[in-house]
**Student:** 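Provided herewith is a single structure, encoded as structure tokens, for subsequent inquiry.
To find a chain, count down the sequence lines: A is the first, B the second, and so on, and within it residues start at 1. In this text, all values refer to a predicted model and were calculated from it rather than measured experimentally. What you see below is based on every heavy atom in this structure, not just the backbone, and it leaves out hydrogens, waters and symmetry mates.
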Amino acid sequence: MADDIFEEDRVSVAERLAAEALIIDVDGFEGPLDLLLTLSRTQKVDLRKISVLDLARQYLAFVEKAKALRLELAADYLVMAAWLAFLKSRLLLPPDPTEEGPSGEDLAAHLAFQLERLQAMRDVAARLMARDQLGRDFFARGQAETVERVKRVTYTATLLDLMQGYARIRTRDDFRPFILDRDSVFTMEQALERMRPLMGYAGEWTDILSYLPEGWETDPVKLRSATASTFAASLELVKEGHMDIRQTELFAPIQLRKRK
Amino acid sequence: MSQDIDEQEQSLFEAPPIAEQERMVEAILFATAEPVTVKDLSARMPHGCDPAEALVYVRKRYEGRGVTLMKIGDAWAMRTAPDLGFLMQKETVETRKLSRAAIETLAIIAYHQPVTRAEIEEIRGVSVSRGTVDQLLEMEWIRFGCRKMTPGRPVTFVVTQAFLDHFGLENARDLPGLKELRSAGLLENRPPPGSMPGPGDAEEEETNEGQSELFED
Amino acid sequence: MSQDIDEQEQSLFEAPPIAEQERMVEAILFATAEPVTVKDLSARMPHGCDPAEALVYVRKRYEGRGVTLMKIGDAWAMRTAPDLGFLMQKETVETRKLSRAAIETLAIIAYHQPVTRAEIEEIRGVSVSRGTVDQLLEMEWIRFGCRKMTPGRPVTFVVTQAFLDHFGLENARDLPGLKELRSAGLLENRPPPGSMPGPGDAEEEETNEGQSELFED
């Protein structure tokens, strides 16, 4: 502790001012390594010859000041402070041969390497950005003629495809499942279609059989189908509310009339 | 008066050599999206430059090259040489297999021609989409035949010479019959799923009949 | 054997004279804003052409001109000479200003590629925000490289051809100061001795643990 105070006294006024300025915009730093790099500049030496011990002292002094000013430091700054305090003790004390792990020198060398590397990256980043840039210093073709992509699709088939296709159809016919022959079937849809336009004329009760399509009364099969679908269609029209339906007695004619 | 000032300025800022001006014109014309007038060039180049003269050099330099200097209205632009336009196209040919619907429709036309659309639909058991017929017409594998002498006089379809060429046929009658297809093992003997298997012999006779009918006339 | 076929083909489709090929390369490169690879040139030029040879002539022809031929990775592009940039104020495109973090991250990726996010963070001493990487990815200056063969198989980042094109680099080896950095040992991946504080220390330890667990059994 006494050491620290002594150290602080040795720090010049200019450095103290610089350190205070650092505190003011601690937010401007990108983490402890960035701060360490900035602090290292006060040593005004080649980064390879930097005194990590001095740097650790500077950093710890900075953290102390920040605490005194009641500035909230992010956790990683404090982690770094703790680590640097540990490093400082390692560097100051003679190495303990029984202790395992890297020596203080090793740790210090790596920190110096990290700082040098970060500085090097910043330097080359600046050199990179200072290069001639496309769209700023040199330019691409202003009016690029885009390559027209002509996509042509051709379809192809082989004789085999053709024959197999045909065989498929023909054999499908051979194996065709039973389908009702639709010639003598009058569907309900057809019945409805027939009845709708006639509806308007049905002011009086009329036998539904008078709605049968022409020519369907003669063939018994057709008659059956047409009668059934006409009846079903009549019920549908009643359900829709267009017609009334009645049957006076069992097996009597079923009659239809427009609803009034 | 203004000329005096010009002259003064010219002596103060000497114009770059014409070779340098030529480079400038070249770069500006290259990088600009629109054709550039001499006036525009003048405004962009250092004082004292003579873009009109530089343009003469540029034009000469690019004579017969892959890129040429062109005058468009009163402006100038660099364009690829007209004879190299074909390089700006990249044709990709994609070959696709004809759809099943198209193959079946085509097969029916080939085996039954001349055939109406209604007849195709009857044979296929499903309606034939307009797109399918259009595609086959576009490929020039089918064309319209004469109208059928039935009510409505529907159009018929027949296959074309291009179709015969593609499939290596001399005429549509060369198409193998069902019996040949079967003996060549091309006919799927297995009935489509869901349909009932019938006695093979009877069926074969039937189809033979159908086939011979087709090509009887 | 294949050479015989090649020769045969060459005699069948005679390639245009080299002067003509030069014109073609010139036209294609001139017309295209993006760098074009030799393979692309080959595909667009007639059969039997040797674009690589033609490129040598084109490069020579444009040496010292207002427009020059530049090599970018394995592709070629025409660009205006950098010394004439002052003429192009009109064409200058205002690029999005990159943050200091983004510039540093970009430089680290360029000089250390392929590099993982953790390695970038180690070098910068702070965690890399997602937005920074996203921005660089969006600009197409970086892309994902192959995964690193270390526990967790983390993805790596590398710079793209668009990056090289933007900074007028033929390849990443031409990055300014690369040699010096390498000889100074600053591009080595030197593991920290023992425990060193890193960015987001607590977190990292956790993930490391997780990862080692993953790969332990």
Side-chain angles (χ1 to χ4, degrees), chain A residues 29-37 48 74-84 86-87 100-111 113-147, chain C residues 28-34 44 68 70 77-85 88 91-95 98 100-101 103-104 106-108 110-112 122-127 165-169 175-178 180-181 184-187 190-202:
Chain A
F29 288 102
E30 287 199 80
L33 203 61
D34 187 24
L35 172 58
L36 275 168
L37 191 59
R48 271 165 286 187
D76 49 345
Y77 285 87
L78 300 176
V79 170
M80 180 60 92
W83 185 81
L84 285 173
F86 162 76
L87 176 62
E100 287 192 15
S103 70
E105 275 74 26
D106 289 342
L107 295 173
H110 189 77
L111 180 62
F113 167 75
Q114 278 183 295
L115 291 172
E116 198 191 341
R117 185 174 58 182
L118 181 59
Q119 186 57 52
M121 281 300 120
R122 290 197 174 157
D123 292 344
V124 290
R127 281 175 75 180
L128 187 66
M129 297 315 282
R131 278 186 73 86
D132 290 332
Q133 292 182 36
L134 180 66
R136 194 188 74 182
D137 307 292
F138 61 96
F139 296 83
R141 178 78 166 121
Q143 193 179 32
E145 295 164 41
T146 44
V147 179
Chain C
I28 294 173
L29 292 181
F30 206 93
T32 319
E34 307 285 308
R44 283 168 68 175
T68 56
M70 283 176 76
M78 296 276 220
R79 299 285 180 255
T80 60
D83 67 308
L84 299 177
M88 310 295 171
E91 272 65 48
T92 306
V93 273
E94 205 50 59
T95 41
L98 282 178
R100 188 176 128 177
I103 291 171
E104 269 182 39
L106 178 66
I108 292 168
Y111 285 81
H112 290 259
E122 219 258 314
I123 294 168
R124 294 198 64 228
V126 280
S127 57
D165 191 17
H166 186 90
F167 291 99
L169 295 162
L175 283 164
L178 186 74
E180 295 93 301
L181 287 183
L186 290 170
L187 299 183
R190 217 180 279 182
S195 66
M196 293 276 287
D201 238 13

**Student:** Decide yes or no for C:M70 and A:F138: does some side-chain heavy atom of the first lie under 4.5 Å from some side-chain heavy atom of the second?
**Tutor:** yes
**Student:** Does any non-hydrogen side-chain atom of A:D34 lie less than 4.5 Å from one of C:V126?
**Tutor:** no
**Student:** What part of C:L175 gets closer than 4.5 Å to chain A, counting heavy atoms only: side chain, backbone, both or neither?
**Tutor:** side chain
**Student:** Distance-only, no hydrogens or angles: does the C:R124 side chain make a donor-acceptor pair with backbone N or O of A:L118 under 3.5 Å?
**Tutor:** no
**Student:** Are the side chains of A:R122 and C:E104 in touch, meaning some heavy atoms are under 4.5 Å apart?
**Tutor:** yes
**Student:** Regarding A:R141 and C:E34, does a basic nitrogen lie under 4.0 Å from an acidic carboxylate oxygen?
**Tutor:** no
**Student:** Quick one: of C:H112, C:E180, C:M78, who has the most non-hydrogen atom pairs under 4.5 Å with chain A?
**Tutor:** C:H112
**Student:** Run A:E116 and C:L186 through side-chain contact (heavy atoms from CB on, under 4.5 Å) and show every step you take.
**Tutor:** CA-CA 8 Å; A:E116 198 191 341; C:L186 290 170; 3.9 Å; yes
**Student:** Is A:R117 in contact with chain C via its backbone, its side chain, both, or neither, using a 4.5 Å heavy-atom distance?
**Tutor:** both
**Student:** What part of C:Y111 gets closer than 4.5 Å to chain A, counting heavy atoms only: side chain, backbone, both or neither?
**Tutor:** side chain
**Student:** Less than 4.0 Å between a side-chain N and a carboxylate O, is that true for A:D137 and C:R79?
**Tutor:** no
**Student:** Where on A:D132 is there a heavy atom nearer than 4.5 Å to chain C: the side chain, the backbone, both, or neither?
**Tutor:** both
**Student:** Is a side-chain donor or acceptor of C:T80 paired with a backbone partner of A:F139 at a separation under 3.5 angstrom?
**Tutor:** yes
